[in-house]
Q: 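Structure incoming, see below.
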Amino acid sequence: MQKPSIPKGTRDFSSIEMQRRNYIFDTIKKYFRLYGFEQIETPAMENLNTLTGKYGEEGDQLLFKILNSRLHESKNKEQLQNEFKLSLEHARNTDILTERALRYDLTVPFARYVVMHQHELTFPFKRFQIQPVWRADKPQKGRYREFFQCDADIIGSNSLVNEVELINMMDDVYSALGIPTTIKINNRKILSGIAEVINEPGKIVDITVAIDKLDKIGRENVEKELLEKGITPAAIQQLAPIFESTGNNEAKLNTLRSFLSNSEIGKQGIEEIDFLLKSNTSNLTSQTELDITLARGLNYYTGSIIEVKANAGTLSSSITGGGRYDDLTGIFGLKGMSGVGISFGIDRIFDVMNELDLFKDKLKDQATVQLLFLNLGDAEQAHILGLLGQLRKAGISAEIYPDQAKEKKQFEYAQKKKIPYICTIGSEELNSGQYTVKNMESRQQHKGDLNSIIEYFSQRSAD
RNA sequence: GUGGAUGUAGCUCAGUUGGUUAGAGUAUCGGUUUGUGGUACCGAGGGUCGCCGGUUCGAGCCCGGUCUUCCACCCCA
């Protein structure tokens, strides 16, 4: 006998968990539709070359690649061996060994989809997509190797109205779920402007990644890291106003306005942020915060960057992330398609809600069925099967205990499954056609013929 | 990929400086007179102590390796 197990970083979801997860899915879907997004799905696996190069060097390493099938039947084993040897020496992709991979996110497959289906789509195209993605990360708190993303993207529109709408939608979802959140926003153009101003335009990624750690490792260590990355001490010194930037959104914007006064792209980023903050401040329940340390490693972001964190609980990582990408489809041959989107991390949302005990008020214990018939004998069983058909036609969920087990056992089954009503049928009921339905909690009983029973349940469900 | 912790019955955990046939609670199954459950009592089954190796007369306990899960770093939803 072998011990059963599942791959590292994956999980089974039992009934209670599914009820809770579905509650989150349903809530998110409701708002996706309310805001006018239409649903699509794409395959679990993509061609490897669709995915590589879109997520940064780190991201490429985290792809779950699928080994080609039937390697033993290959006619070119010498080449295979050679490629395998090379793969052992350094990170490498080669069609002969692997040409497919599990999707890493939903955005890149979406870009691929848009290009392939461009003639049947109406732009701006608003799609939502809820599917699992896979990352070969080391599992940790809030980090799984298989998890669901819930994406909403608008592609084919440059308008910042889209960002405003996405922020409104995130706020709606989180206030419906009851999670207190902070929506952090930033803009790649500001980061580009900073790199430009300090004369290190080629080091945008290094600079942003280092700045991102400011609150984690402190200014000194950030400066040390920047030095290690080859940024000149003079440039680092110039960054001082950025490191020292504090205060509210308006104060931070002012700091940036003077810092980026000579950078066209930087000024553009400031204007965009300014617009978002002004458009959104009124009716949101979440706090909106300009956070210039917000970088996001994904290669494809070019404008707005958005991230949501829960204000309560112990999970420090983000529960939603997103941003604008000006040219993701360009790689696949469709230029001039700017898009912006967000992704809800439902597995982390689930963890936060569990920790904060937020499901208690949202979901009651759900019984599998309303009514259980005890099974006491062959004749009774046959009779009950007939009754079940009529009850279900009337919309009443009911079942029969499949075995003719001891009554005590059948009662315990109902109790454990929290089935609210029991009906016992024996020879007396068979003859009279009068049945007794018992409420397990109140122990009250209702007696009558089938129509009376149906009537009884109809009234209950109307309450 | 780097560092730290963890692993004993289905589940939650005891297990004394290494010393007989490894325990408890809970869950499961059966019973306490076969037409009305929850509490109570009695009984039963269930563990190659994560896996491999080493030290020892003797290892759940000590040592090495390996895997799992969890936590931090990196990065991310």
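Lettering of chains follows the sequences in order, A, B, ..., and the numbering in each one begins at 1. These numbers come from a predicted model, not from an experiment.
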Q: Does Lys408(A) get its side chain close enough to the base of rU34(B), under 3.5 Å, for a donor-acceptor pair?
A: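 For Lys408(A), whose side chain was compared with the base of rU34(B), there is no donor-acceptor pair (under 3.5 Å).
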Q: Please figure out whether Pro139(A) or Arg348(A) has its closest RNA chain B nucleotide nearer the 5' end.
A: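 Per heavy-atom nearest nucleotide, the more 5' residue is Pro139(A).
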Q: Closer than 3.5 angstrom, by distance alone: can the side chain of Ser397(A) be matched with the main-chain N or O of Gln370(A) as a donor-acceptor pair?
A: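 Between the backbone of Gln370(A) and the side chain of Ser397(A) there is a qualifying donor-acceptor contact (under 3.5 Å).
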Q: What does rC57(B) pair with, Watson-Crick or G-U, if both distances are under 3.5 Å?
A: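 Across any shown strand, rC57(B) pairs with rG19(B).
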Q: Mind checking Gly322(A) for me? I need base, sugar-phosphate or nothing, with any heavy atom below 4.0 Å counting as a touch.
A: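 Nothing, no nucleic acid heavy atom in range.
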Q: With the criterion being N/O to N/O and under 3.5 Å, what pairs connect the protein with nucleotides 27-29 of chain B, and how long is each?
A:
residue, atom, partner, partner atom, Å
rU28(B), OP1, Lys416(A), NZ, 2.2

Q: Give Ser427(A) one of three labels, base, sugar-phosphate or nothing, depending on what nucleic acid heavy atoms sit under 4.0 Å from its own.
A: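 If one applies the 4.0 Å heavy-atom cut-off, Ser427(A) turns out to touch a base.
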Q: Should we say atom CZ of Phe13(A) is surrounded by more than 12 heavy atoms from elsewhere, each under 6.0 Å from it?
A: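 Enclosed: over 12 neighbouring heavy atoms sit under 6.0 Å from CZ of Phe13(A).
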Q: Return the pairing partner of rU36(B) with a 3.5 Å limit on both distances, Watson-Crick or G-U wobble; otherwise return none.
A: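 Result: none.
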Q: Could you measure between the two C1' atoms, the one in rC51(B) and the one in rG7(B), and give it in whole Å?
A: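 One C1' to the other, the span is 11 Å.
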Q: Say we look at rU17(B) and rG60(B): how far apart would their C1' atoms be, to the nearest angstrom?
A: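 One C1' to the other, the span is 16 Å.
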Q: Lys406(A) near the nucleic acid: base, sugar-phosphate alone, or nothing, with a heavy-atom cut-off under 4.0 Å?
A: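 Result for Lys406(A) = sugar-phosphate.
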Q: Does Glu429(A) contact rG35(B) through a side-chain donor or acceptor facing the base, at a distance under 3.5 Å?
A: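 Result: at least one qualifying N/O pair found.
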Q: I'd like the C1' distance from rG47(B) over to rU33(B), given in whole Å.
A: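 Rounded to whole Å, the distance is 37 Å.
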Q: Assess whether one donor atom and one acceptor atom, taken from the side chain of Lys438(A) and the base of rU36(B), lie less than 3.5 Å apart.
A: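 It does, because a donor-acceptor pair links the side chain of Lys438(A) to the base of rU36(B) below 3.5 Å.
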Q: Using the C1' atom as the reference point in each nucleotide, state the distance between rA9(B) and rG4(B) in Å, no decimals.
A: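 The answer is 29 Å between these two C1' atoms.
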Q: Got a donor-acceptor pair under 3.5 Å from the side chain of Arg143(A) to the base of rC70(B)?
A: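 No, no donor-acceptor pair under 3.5 Å.
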Q: Say we look at rG1(B) and rC11(B): how far apart would their P atoms be, to the nearest angstrom?
A: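 Straight-line distance between the two P atoms is 28 Å.
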Q: Which part of the nucleic acid, if any, lies within contact of Lys8(A), taking any heavy atom under 4.0 Å across all strands shown: a base, the sugar-phosphate backbone alone, or nothing?
A: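 Since only primed, P, OP1 and OP2 atoms lie under 4.0 Å of Lys8(A), the category is sugar-phosphate.
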Q: Give me the distance, rounded to whole Å, that separates rG50(B) from rA72(B) when you measure between the C1' atoms they each carry.
A: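 Per the computed distance, 24 Å lies between those C1' atoms.
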Q: Between rG1(B) and Gln61(A), is there an OP1 or OP2 to side-chain N/O distance shorter than 4.0 Å?
A: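 Looking at the OP1 and OP2 atoms of rG1(B), neither is under 4.0 Å from any side-chain N or O of Gln61(A).
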Q: Could you tell me how far rG3(B) sits from rU48(B) if I compare only their C1' atoms? Round to whole Å.
A: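 Looking at atom C1' only, rU48(B) and rG3(B) are 33 Å apart.
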Q: If we take the P atom in both rU6(B) and rG37(B), what is their distance in whole Å?
A: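 Roughly 49 Å separates the two P atoms.
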